[in-house]
Amino acid sequence: MARRYSLRLETRALGAVQILLALIHCALGVLCDRLFVREEKIQNAGVVPVLVIVVYSLSTAPFFLISGSMSVSAEKKPIRYKLISASVMNIFSACLSALGTIMLCIACFSFSSEKNEYVWSHLAGNMLLQYLLFSTISELLVTSITIVWIVRALHHLETGEESYSLSESTISS
């Protein structure tokens, strides 16, 4: 019989937040593509090429979506392999979020208008970069919290269940 672990109920809510952040991340990537590449033909967002930002936002959304789905699944039936797979996907998502946070911080701080006049596309592009940065930081925080909760659950069996391995049993005399 599979061991059941005690995972916090809030993990399901954090998984749902990860799924929503993945959808927002994907939508912002599409908006960046439409604004920067297709409409204004802008090649760079500061130091970072626009194509890197668009590819990052569109390619990381599935990782965020899968890690959120696995977190929800692990909370519904917290058995060992689901917890391990959810923690692995959340670690991948956290690494991608950390990389994206660094890249988007550089892009946000170096993106500026070359002209001294009001250009709506540059202001909208700067706002899109800031929203992408906010969603990436939010994903990093949510995955970090989820990883901590899953690791705690893996280290503590649910109360009321006994372990049947020889290394954990004691012989009474």
Side-chain angles (χ1 to χ4, degrees), residues 7-8 10-76 81-151:
L7 189 60
R8 291 180 66 151
E10 292 88 359
T11 307
R12 186 182 296 182
L14 288 180
V17 168
Q18 285 179 305
I19 292 169
L20 289 174
L21 284 171
L23 296 175
I24 290 170
H25 208 72
C26 187
L28 289 172
V30 169
L31 286 174
C32 281
D33 176 51
R34 298 289 187 234
L35 176 71
F36 289 132
V37 179
R38 308 236 173 150
E39 185 175 323
E40 292 293 321
K41 308 270 191 256
I42 298 174
Q43 298 298 318
N44 293 326
V47 188
V48 181
V50 170
L51 188 61
V52 172
I53 293 171
V54 172
V55 168
Y56 167 78
S57 62
L58 294 176
S59 65
T60 56
F63 284 99
F64 299 161
L65 186 72
I66 292 170
S67 66
S69 300
M70 292 180 103
S71 297
V72 170
S73 174
E75 195 279 324
K76 284 183 180 178
Y81 82 91
K82 283 189 176 184
L83 291 175
I84 290 174
S85 61
S87 66
V88 167
M89 280 308 297
N90 277 302
I91 289 170
F92 283 148
S93 292
C95 291
L96 288 172
S97 295
L99 178 71
T101 300
I102 293 168
M103 180 188 64
L104 288 168
C105 278
I106 292 170
C108 282
F109 289 128
S110 64
F111 183 73
S112 63
S113 176
E114 289 110 19
K115 301 176 184 176
N116 292 332
E117 59 194 43
Y118 175 79
V119 179
W120 75 270
S121 63
H122 286 279
L123 294 174
N126 197 11
M127 185 178 64
L128 281 175
L129 288 175
Q130 290 172 2
Y131 282 141
L132 266 171
L133 178 63
F134 175 72
S135 68
T136 304
I137 291 172
S138 300
E139 179 69 25
L140 181 61
L141 292 173
V142 168
T143 54
S144 300
I145 292 169
T146 306
I147 290 168
V148 168
W149 288 351
I150 291 173
V151 168

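- Annotation: the span from Leu65 atom CG to Leu21 atom CG amounts to 11.0 Å, rounded to 0.5 Å.
- Taking NZ of Lys82 as the start and CG of Leu7 as the end, the distance is 11.5 Å to the nearest 0.5 Å.
- Minimum interatomic distance between Glu75 and Thr11 (heavy atoms only, all atoms of both residues): CG-CB, 3.9 Å.
- Taking OG1 of Thr60 as the start and CZ of Phe92 as the end, the distance is 14.5 Å to the nearest 0.5 Å.
- Shortest non-hydrogen contact noted between Ala94 and Ile147 is CB-CD1, 4.2 Å.
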Is there a side-chain contact (heavy atoms from CB on, under 4.5 Å) between Trp149 and Leu14? Walk through the geometry before answering. CA-CA 11 Å; Trp149 288 351; Leu14 288 180; 3.3 Å; yes
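- Distance check: Met103 CE to Leu133 CG gives 10.0 Å after rounding to the nearest 0.5 Å.
- Note that the OG atom of Ser87 and the CD1 atom of Ile84 stand 6.5 Å from one another [nearest 0.5 Å].
- Here the shortest heavy-atom pairing between Thr136 and Gly100 reads CG2-C, 4.0 Å.
- The two residues Ala16 and Val72 make their nearest non-hydrogen contact at N-CG2, 3.9 Å.
- When side chains are defined from C-beta on, Leu28 does not count as touching Ser57, because their heavy atoms never get closer than 4.5 Å.
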Decide side-chain contact (heavy atoms from CB on, under 4.5 Å) for Ser69 and Ile19; before the verdict, give the C-alpha distance in whole Å, the side-chain angles of both, and the deciding distance to 0.1 Å. CA-CA 7 Å; Ser69 300; Ile19 292 169; 3.9 Å; yes
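- For the atom pair Leu104 CG and Leu129 CG, the distance stands at 6.5 Å (nearest 0.5 Å).
- When every heavy atom of Ala98 is checked against every heavy atom of Leu140, the shortest pair comes out as N-CD1, 4.1 Å.
- When every heavy atom of Gln130 is checked against every heavy atom of Cys108, the shortest pair comes out as N-SG, 3.8 Å.
- A side-chain donor-acceptor contact under 3.5 Å links Ser110 to the backbone of Ile106.
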The test is side-chain contact (heavy atoms from CB on, under 4.5 Å); show your working for Cys26 and Phe64 and say whether it passes. CA-CA 10 Å; Cys26 187; Phe64 299 161; over 6 Å; no
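- At distances below 3.5 Å, at least one donor-acceptor pair connects side-chain atoms of Tyr56 with backbone N or O atoms of Leu96.
- Checked by atom type and distance alone, the side chain of Ser93 pairs as donor or acceptor with a backbone atom of Phe63 at under 3.5 Å.
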Carefully, step by step, assess Met70 and Val88 under the rule side-chain contact (heavy atoms from CB on, under 4.5 Å). CA-CA 10 Å; Met70 292 180 103; Val88 167; over 6 Å; no
